[in-house]
Enquirer: 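After the structure tokens below, expect a handful of questions from me.
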Amino acid sequence: MSAGTPQLTVDELAARAGVTVRTLRFYAAKGLLPPPELGPRRVGLYGPEHLGRLELIEELQRQGLTLAAIERYLAQLPEDIGSLDLAIHRALVASWTPEAAEETDRGQLARRIGRDPSDADLDRLAAMGALHRTEDPDVFKTDPGLLPLGVRILDVPIPLETLLAARAVVRLHSQATAHDLHRLFRDTVWKPYRESGPAPADLDRMKSLTDRIQPLVVQAIVTAFQRSLAEELTGSPE
């Protein structure tokens with residue numbers, strides 16, 4: 001699906017996102033989704049940004065955030081944020097608690113992509129780590145965090161070798177960042193706190209607080225990455 005004119009009905013949007021129409025309408029009533037554009041016969045039509053925002057909402061909810069907290073998270077995003085940036089946010093938020101791979105058949109994958117997946121489509125999704133083939137050619141193991149991002153850039157004209165190399169670079173640097181942040185938090189927050197002899201109930205509250213700040217740290221990482229990427233793209237060519 002291109003990033004052009006909205007073209008999904010409410011039923012198609014729900015199918016692409018893997019949620020019910022009732023859930024979608026609930027999010028819209030809460031103001032978590034922007035209103036659709038009106039098409040012929042005043043039918044509401046949705047686009048990639050609606051789909052990306054809906055998937056991000058679902059991921060934040062899986063992380064345990066309340067609707068109020070999700071609303072605050074979304075309010076900090078740029079108003080003109082695109083579907084690809086939304087998918088990046090979703091993938092990074094999901095990385096805090098990696099989900100088990102989901103079994104997905106060809107029909108389910110086709111609904112997410114918007115077409116019957118070709119061998120080239122499967123190769124590209126596999127190169128991004130969003131999909132793994134099984135012994136059954138019509139059944140796949142998909143990564144819930146990466147699949148929406150993979151679908152967004154499925155038709156971007158990037159060579160398969162570049163996708164594989166980019167995945168390796170991202171994994172390398174994300175692992176290093178996670179290691180450094182974990183060590184920083186452990187040495188400057190957790191260690192002094194535990195040495196102060198807190199009560200068991202206080203320890204539980206501290207763990208709960210740690211879980212709640214994780215999405216905020218993710219958002220800071222995404223923002224820093226986007227700014228760094230913008231600086232690279234606007235820099236003088238060598």
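Only a predicted model underlies this, so the values are computations on that prediction, with no experimental measurement involved. Count residues from 1 along the sequence.
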Enquirer: List the steps and the verdict of side-chain contact (heavy atoms from CB on, under 4.5 Å) for Asp123 and Arg133.
Expert: CA-CA 9 Å; Asp123 286 342; Arg133 290 183 171 87; 2.8 Å; yes
Enquirer: Check Lys141 with Glu103, please: is the shortest side-chain N to carboxylate O separation under 4.0 Å?
Expert: yes
Enquirer: Has Arg25 got more than 12 heavy atoms of other residues, nucleotides or ligands less than 6.0 Å from its CZ?
Expert: no
Enquirer: Near Asp180 CG, under 6.0 Å, is it more than 12 heavy atoms from other residues, nucleotides or ligands?
Expert: yes
Enquirer: Taking the side chain as everything from C-beta on, heavy atoms only, tell me whether Glu58 gets closer than 4.5 Å to Tyr27.
Expert: yes
Enquirer: With rounding to the nearest 0.5 angstrom, report the CZ to CG distance, Arg22 to Leu24.
Expert: 13.0 Å
Enquirer: So, taking the atom named NE2 in His132 and the one named CZ in Phe140, what distance separates them when rounded to the nearest 0.5 Å?
Expert: 12.5 Å
Enquirer: Quick check: closest heavy atoms across Ile158 and Arg124, and the distance to 0.1 Å?
Expert: O-NH1, 2.7 Å
Enquirer: Work out which heavy atom in Thr134 is nearest to a heavy atom in Val139; give both atom names and the distance.
Expert: OG1-O, 2.6 Å
Enquirer: Between Arg106 (side chain) and Pro137 (backbone), is there a donor-acceptor pair under 3.5 Å?
Expert: yes
Enquirer: Can you see which heavy atom on Pro117 is nearest to which on Ile113, and at what distance?
Expert: CB-CD1, 3.9 Å
Enquirer: If I compare all heavy atoms of Gly129 with all of Asp143, which pair ends up nearest, and what's the gap?
Expert: O-CB, 3.7 Å
Enquirer: Pick one: which of Ile70, Leu74, Leu32 meets side-chain contact (heavy atoms from CB on, under 4.5 Å) with Leu56?
Expert: Leu74
Enquirer: What's the separation between atom CZ in Arg112 and atom OG1 in Thr142, rounded to the nearest 0.5 Å?
Expert: 8.0 Å
